Protein chains: 2
Amino acid sequence: MMRIVIIEDNKTLARGLSHRLKDIGHAVDLLHDGSDGDSFLADEGADLVILDINLPGKDGLEVLKNLRGRGDNTPVLLLTARGETKDRVTGLDLGADDYLVKPFEAEELEARVRALARRRNTDGGAPIKVGKLQFDRGARRLFRDGAAMELPRRELAVLECLIDRRGQLVPKRTLADHVYGLGTEIEEKVIEIYISRLRKRLEGHGLKIRTARGLGYYFEEEE
Amino acid sequence: MMRIVIIEDNKTLARGLSHRLKDIGHAVDLLHDGSDGDSFLADEGADLVILDINLPGKDGLEVLKNLRGRGDNTPVLLLTARGETKDRVTGLDLGADDYLVKPFEAEELEARVRALARRRNTDGGAPIKVGKLQFDRGARRLFRDGAAMELPRRELAVLECLIDRRGQLVPKRTLADHVYGLGTEIEEKVIEIYISRLRKRLEGHGLKIRTARGLGYYFEEEE
DNA sequence: CGTGTGTTGAAAGCTTGCTGAAAGCTTGGA
DNA sequence: TCCAAGCTTTCAGCAAGCTTTCAACACACG
């Protein structure tokens with residue numbers, strides 16, 4: 001599962017992509033305007049950006065430039081219209097990871113997304129910002145201003161799961177499955193213990209784990 | 001992106017690899033014969049060579065020997081059939097950087113390619129500084145202020161693996177695979193012994209091997 | 001050949017600190 | 001107010017890791 005941001009002004013195409021990607025289990029945010037996309041990425045971040053070049057508000061290449069300018073290495077998949085060869089090359093030079101020429105097959109897109117997802121899982125890609133912390137997925141390590149924070153295995157697993165789904169409500173069941181593996185008949189009460197321990201540990205690091213009674217947990221960045 | 005040369009006579013396999021690697025953005029050249037491969041490498045060079053051992057024309061090991069004989073340090077990933085243990089060892093002695101035992105998962109291959117790519121990006125052949133020591137990855141030798149430190153084979157292998165992934169959490173399994181080769185059913189307990197020996201040896205050289213219980217080990221520079 | 005030096009990994013006992021059950025407390029909602 | 005859901009601390013048990021010892025082996029050298 002990845003958090004994918006699609007920035008594409010053709011709404012039919014955008015909705016089609018979104019639908020397809022949600023189908024295969026990703027969380028998708030949709031923006032139709034370059035400036036909106038830019039600020040969304042700056043605020044929320046993502047695991048993968050699908051970025052059109054021709055956009056109202058702010059050009060896709062500019063969005064990309066800003067992103068990289070912020071030191072953000074999130075993989076970017078460019079969408080270009082046929083003939084925009086020059087833009088595509090510029091895009092790759094600006095640090096895009098891949099591109100697709102419109103029109104393309106949904107299959108083709110999915111293959112690219114998979115390739116980028118795979119890369120993320122093993123290489124880590126960009127560390128994810130949460131509050132004042134950074135989490136490196138590949139290394140499975142947590143940092144604060146470059147200094148490592150160690151956490152025990154189970155706490156790490158819970159945190160990892162919450163980070164993967166930041167911005168979403170995560171049921172205790174999901175957390176338990178992530179920590180112990182699917183199908184393990186584990187008391188969900190144990191998760192509460194780890195939530196408690198994590199809260200204590202995360203204190204003062206600019207993020208809170210909030211409870212939604214009867215539903216699950218979710219992150220909230222503070223300050 | 002890397003320029004990858006695949007020398008592999010099984011055309012189905014070779015095409016599969018090529019396709020996969022192009023998918024993730026590399027430029028691939030395909031050769032099916034040892035002599036062809038040899039001269040191609042001599043003429044064109046590459047960023048990475050994926051080399052089968054059993055080849056028509058000229059044996060893969062010979063291709064490798066010639067390559068290194070020309071003073072060429074291009075990373076080489078060997079492909080070996082199950083059971084060719086001796087060849088594999090010879091290959092590593094001849095200066096191969098890694099190997100895969102057939103049949104392997106495409107995922108696995110991609111991970112290795114990425115690892116070698118990363119290595120290329122960070123090293124460039126220069127010795128790596130860790131704490132007060134320098135590690136020459138090509139020569140597989142360790143120095144302190146220009147003076148060589150000799151370590152036994154196994155300890156060196158563990159250290160090498162940790163250096164490759166410095167800053168990352170390295171599971172014992174990964175270390176075991178690196179030291180003994182993939183799939184060897186070796187007790188992970190042995191790794192603990194080598195960690196212990198390495199710690200003693202590295203004492204006072206400005207770096208520590210830290211334990212993350214249940215997760216693995218990682219380096220930490222001190223002072 | 002024999003001797004010495006060095007490496008290897010199994011075994012065993014020790015240390016550490018993670019884990020999750022239990023129990024009692026707090027909170028939010030009806 | 002009451003109850004269910006969630007929170008938090010405590011603690012015994014234990015799994016994971018550490019370290020030393022030792023026998024087997026490998027190799028260099030006389």
Side-chain angles (χ1 to χ4, degrees), chain A residues 140-142 148-162 169-181 183-204 207-220, chain B residues 85-86 89-90 92-93 140-142 148-162 169-181 183-204 207-220:
Chain A
R140 297 193 79 198
R141 295 187 67 192
L142 191 67
M149 285 178 68
E150 310 198 14
L151 359 183
R153 189 160 52 116
R154 305 262 121 119
E155 286 181 45
L156 185 70
V158 170
L159 182 67
E160 193 173 35
C161 189
L162 284 170
L169 201 47
V170 188
K172 271 201 283 226
R173 182 73 260 149
T174 306
L175 291 167
D177 285 347
H178 181 86
V179 174
Y180 299 97
T184 332
E185 298 209 0
I186 202 79
E187 285 290 333
E188 293 182 16
K189 247 182 292 188
V190 181
I191 295 301
E192 293 168 19
I193 299 181
Y194 287 107
I195 291 288
S196 167
R197 286 175 182 158
L198 267 177
R199 278 182 173 142
K200 199 178 292 172
R201 205 185 287 273
L202 295 180
E203 222 154 64
L207 85 179
K208 269 217 154 62
I209 301 173
R210 313 273 296 177
T211 306
R213 281 193 145 234
L215 298 168
Y217 298 96
Y218 61 94
F219 263 135
E220 192 165 87
Chain B
T85 320
K86 217 174 61 200
V89 173
T90 317
L92 290 175
D93 286 343
R140 299 192 79 205
R141 296 189 65 193
L142 192 66
M149 283 177 69
E150 313 237 336
L151 348 187
R153 188 162 54 112
R154 305 292 192 206
E155 286 182 44
L156 185 67
V158 171
L159 182 67
E160 189 176 36
C161 191
L162 284 170
L169 204 45
V170 188
K172 271 202 283 230
R173 182 75 260 147
T174 305
L175 290 167
D177 284 347
H178 182 87
V179 174
Y180 300 97
T184 333
E185 297 210 0
I186 201 78
E187 285 289 334
E188 292 182 16
K189 248 182 291 190
V190 181
I191 296 300
E192 293 169 20
I193 299 180
Y194 286 107
I195 291 288
S196 170
R197 288 175 181 158
L198 267 176
R199 277 182 173 141
K200 202 177 292 174
R201 203 184 289 273
L202 295 179
E203 220 155 65
L207 84 181
K208 268 217 155 64
I209 301 173
R210 313 267 298 172
T211 306
R213 277 188 153 239
L215 296 167
Y217 298 96
Y218 60 91
F219 261 135
E220 192 166 87

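Letters go in sequence order (proteins before strands), and every chain restarts at 1. Owing to the predicted nature of the structure, the values given are computational and were not obtained by experimental measurement.
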Nearest-neighbour nucleotide for the [X] side chain, [options] considered:
| X | options | answer |
| --- | --- | --- |
| B:Lys200 | D:dC18, D:dT8, D:dT20 | D:dT20 |
| B:Lys172 | D:dT8, C:dT8, D:dG17 | D:dG17 |
| B:Pro152 | C:dT7, D:dG17, D:dT20 | C:dT7 |

[N] [atom2] sits how many Å from [X] [atom1], rounded?
| X | N | atom1 | atom2 | answer |
| --- | --- | --- | --- | --- |
| B:Glu188 | D:dC18 | CD | C1' | 16 Å |
| B:Glu203 | D:dT19 | CD | P | 9 Å |
| A:Glu192 | D:dT10 | CD | C1' | 17 Å |
| B:Glu155 | C:dG6 | CD | P | 13 Å |
| B:Arg210 | C:dT16 | CZ | C1' | 14 Å |
| A:Glu150 | C:dT16 | CD | P | 16 Å |
| A:Ile191 | D:dT8 | CD1 | P | 15 Å |
| B:Leu151 | C:dT8 | CG | C1' | 15 Å |

Does a side-chain N or O of [X] approach OP1 or OP2 of [N] to a distance below 4.0 Å, or not?
| X | N | value |
| --- | --- | --- |
| A:Tyr194 | D:dC7 | no |
| B:Ser196 | D:dT19 | yes |
| B:Arg199 | D:dC18 | yes |
| A:Tyr217 | D:dA5 | no |
| B:Arg153 | C:dT8 | yes |
| A:Thr211 | D:dA5 | no |

Worksheet item: With a 4.5 Å heavy-atom cut-off, do A:Val179 and A:Val190 have their side chains touching?
Response: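 Sidechains of A:Val190 and A:Val179: no contact.
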
Worksheet item: Are A:Lys172 and A:Lys189 close enough that some pair of their side-chain heavy atoms sits under 4.5 Å apart?
Response: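 When only atoms from C-beta onward are counted, A:Lys189 and A:Lys172 do not touch, as no gap falls below 4.5 Å.
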
Worksheet item: Between CD1 of B:Ile209 and OH of B:Tyr217, what distance do you get to the nearest 0.5 Å?
Response: 8.5 Å

Practice prompt. Starting at CG of B:Leu175, measure out to OH of B:Tyr180 and round the result to the nearest 0.5 Å.
Written response: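 Result: 10.5 Å between the selected atoms.
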
Response to the item:
A:Arg153 and B:Gly214 have their tightest heavy-atom pair at CD-O, 3.4 Å

Practice prompt. Step through the shown structure and confirm whether more than 12 heavy atoms of other residues, nucleotides or ligands are within 6.0 Å of CZ on A:Arg199.
Written response: yes

Discussion item. So if I define the base as every atom that isn't primed, P, OP1 or OP2, how would nucleotides 21-30 of chain C read as a B/S/- string at a heavy-atom cutoff under 4.0 Å?
Written reply: B-----BS--

Worksheet item: So does A:Arg197 pair up with A:Glu155, basic N to acidic O under 4.0 Å?
Response: no

